[in-house]
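For reference, the structure is listed below as structure tokens.
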Amino acid sequence: MKVLVIGSGGREHALAWKIGRSPLVERVFCAPGNGGTASIADNVTLAADDLPGLTRFALDRSIDLTVVGPELPLVLGIVDRFRSHGLSIVGPTAAAARLEGSKIFAKDFMKRHQVPTAACVVCNSFEEAMGAIRRGDLGFPLVVKADGLAAGKGVVIAQDRQQAESAVEQMMRRRVFGEAGERVLLEECLRGREASFLVFSDGEHFLPMVPSQDHKRVFDRDRGPNTGGMGAYSTDGILSSEEQQEVVEAIVGPTIRGMAVEGNEFSGVLYVGLMLTPDGIKVLEYNVRLGDPEAQPVLFRLENDLVEVLQAIHGQTLDSVRLRWDSACSVCVVLASGGYPGKYPTGKSIQGIDDAEAVGQVTVFHAGTRLQDGQLVTSGGRVLGVTAKDADLPAAVARVYRALEKVRFEPMHFRTDIGRHG
Ligand code: AMP
Ligand code: GLY
């Protein structure tokens with residue numbers, strides 16, 4: 001089989017790595033890929049949102065199966081387009097991808113299907129938002145969210161009325177997130193522990209993955225601005241089996257069934273961002289694809305042939321698959337360019353990846369890297385995701401930090417507390 005992976009981050013390197021291990025696969029392509037996928041797949045210079053180019057490529061090269069990493073091509077309708085050309089692709093249609101593409105669609109959907117989530121007010125205009133903030137119905141802190149895609153940055157937790165007004169001003173008047181700020185959501189601020197719960201779904205059946213947790217803030221102890229994710233870990237203990245059952249029964253089941261009933265069958269990976277509050281488990285957000293960096297520690301524990309799972313999603317036979325997971329704990333620590341999520345330099349030489357992997361039970365997934373005259377250099381904010389596993393979480397954490405000491409590029413920043421509060 002020839003498999004095409006779309007995207008260029010750590011998640012896509014992990015996908016290409018796992019897919020490349022399948023005996024069913026002769027060749028893996030990655031569009032556009034990165035410096036890491038270049039060594040295990042054929043990188044194709046097509047952007048992840050170049051839908052016509054990707055379709056042409058898949059037809060010309062007779063690609064047997066395509067897997068989509070990031071949300072943008074899904075929201076733009078890549079699955080609909082590939083299917084209309086008779087191409088096999090795993091992921092939700094544009095209609096189903098609205099669960100991530102529009103936070104307001106997601107909220108209305110949860111209301112229709114009694115999926116527990118934070119109370120909210122939808123604001124269609126600046127005046128409406130200001131009025132709702134002034135009335136203070138949802139209290140403070142208040143969460144302000146841009147409706148559309150904003151690369152994980154469209155959420156502000158406003159401590160008081162002034163911060164809330166300024167967030168709305170930025171989103172709706174200054175349009176710092178572009179069209180995503182045409183409408184905003186004001187949401188009750190939930191308190192508790194967060195967890196990421198991902199499932200494979202074929203539209204009718206679904207299979208939960210092992211739970212994981214990411215670390216979104218740039219600095220230790222969850223300080224500083226939000227990023228795409230500075231690290232993640234996966235252990236069975238993140239959610240007890242009762243909690244997992246609650247998530248499946250009260251959240252995932254009603255979501256997959258609700259989408260099917262409304263004629264928008266959800267096929268692919270559904271990612272539910274959860275808050276474990278004192279009044280039960282509630283949904284913070286849906287994503288319609290694997291998380292990045294959650295994909296790295298989760299796929300690191302998957303023992304099945306991923307291609308068989310993807311084929312079962314495509315063929316709607318997921319009920320015949322049993323997922324098998326390594327009981328080990330896994331941790332991924334992101335090595336970022338100093339300055340990220342603000343400005344940072346690129347083109348800096350990277351050393352020590354082989355030494356890091358020589359520690360054992362370690363794989364270094366690339367994100368913002370590229371090859372320049374045969375030399376690996378930095379090309380993005382999140383550069384590498386050093387991923388390790390071990391029998392328990394403290395051992396996995398110790399191993400990952402032992403490995404990442406071997407890696408060098410300038411200026412490098414990473415969190416020193418990934419997986420330490422688990
Ligand atoms: P989202 O993109 O909706 O997941 O939001 C990003 C992050 O903002 C989440 O991972 C939470 O840490 C935080 N967040 C979002 N919504 C809420 C909420 N209603 N209450 C508290 N924190 C939230
Ligand atoms: N790690 C969060 C995300 O992928 O959206």
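Computed from a predicted structure; not experimentally measured. Indexing begins at 1, ligand by ligand and atom by atom, following the structure's order. Position 1 is the first residue of the sequence, and the numbers go up from there.
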field: Any N/O pair Asn226/ligand 1 closer than 3.5 Å
entry: no
The one among Glu194, Lys103, Glu285 that brings a heavy atom closest to atom 12 (O) of ligand 1: Glu194
message: Quiz question: by atom type and distance under 3.5 Å, do the side chains of Asp80 and Thr93 form a donor-acceptor pair?
response: no
field: CA sep, side-chain torsions, deciding dist, call: Leu299, Leu290, side chain to side chain contact (heavy atoms under 4.5 Å, CB included)
entry: CA-CA 10 Å; Leu299 293 178; Leu290 285 164; 4.3 Å; yes
message: Checking the side chain of Lys406 only, and the main-chain atoms of Val359 only, is there a donor and an acceptor separated by less than 3.5 Å?
response: no
message: Are there over 12 heavy-atom neighbours, none belonging to Glu179, within less than 6.0 Å of that residue's CD?
response: no
task: Establish, from distance only, whether the side-chain atoms of Ser102 and Asp147 form a donor-acceptor pair under 3.5 Å.
output: yes
field: Ligand-side contact atoms (ligand 1) for residue partner Lys216, heavy atom cut-off under 4.0 Å
entry: 10 (O)
- request: Enumerate the atoms of ligand 1 whose separation from the nearest heavy atom of Glu188 is less than 4.0 angstrom.
  value: 18 (C), 19 (N), 20 (N)
- prompt: Can you say whether the rings of Tyr233 and His215 are parallel (under 30°), tilted (30 to 60°) or perpendicular (over 60°)?
  reply: tilted
- prompt: Which part of Val155 is near ligand 1, with near meaning a heavy atom under 4.0 Å away: side chain, backbone, both or neither?
  reply: side chain
- prompt: Within a strict 4.5 Å, meaning less than it, do heavy atoms of the Val269 and Phe200 side chains meet?
  reply: yes
query: Do the charged groups of Glu187 and Lys107 touch, with an N to O distance under 4.0 Å?
result: yes
contact_flag Arg191 ligand 1 heavy-atom lt 4.0 Å: no
message: Any donor-acceptor pair under 3.5 Å linking the side-chain atoms of Ser234 with those of Arg301?
response: yes
Check each N or O atom of ligand 2 against all protein N or O atoms and list the pairs under 3.5 Å, with atom names and distances to 0.1 Å, one per line.
residue: ligand 2; atom: 1 (N); partner: Asp214; partner atom: OD2; Å: 2.8
residue: ligand 2; atom: 1 (N); partner: Asp292; partner atom: O; Å: 3.1
residue: ligand 2; atom: 1 (N); partner: Glu294; partner atom: OE1; Å: 2.7
residue: ligand 2; atom: 1 (N); partner: Glu294; partner atom: OE2; Å: 3.4
residue: ligand 2; atom: 4 (O); partner: Arg289; partner atom: NH1; Å: 2.8
residue: ligand 2; atom: 4 (O); partner: Asp292; partner atom: N; Å: 2.9
residue: ligand 2; atom: 5 (O); partner: Asn287; partner atom: ND2; Å: 3.4
residue: ligand 2; atom: 5 (O); partner: Arg289; partner atom: NH1; Å: 3.3
residue: ligand 2; atom: 5 (O); partner: Arg289; partner atom: NH2; Å: 3.1

query: Applying a 4.0 Å heavy-atom criterion (strictly less than), which segment of Lys145 is in contact with ligand 1: side chain, backbone, both, or neither?
result: side chain
- request: Test the Arg420-Tyr401 pair against the cation-pi criterion, namely NZ or CZ under 6.0 angstrom from the six-membered ring centroid and within 45° of the ring axis.
  value: yes
- request: Please check if any side-chain donor atom of Thr387 sits under 3.5 Å from a side-chain acceptor atom of Gln296, or the reverse.
  value: no
message: Using a 4.0 Å heavy-atom cut-off, which part of Leu284 comes near ligand 1: side chain, backbone, both, or neither?
response: both
- prompt: Between Leu186, Ile157, Asp222, Val283, which one has a non-hydrogen atom sitting closest to atom 22 (N) of ligand 1?
  reply: Ile157
message: Tell me whether Cys189 reaches ligand 1 (any heavy atom closer than 4.0 angstrom to a ligand atom).
response: yes
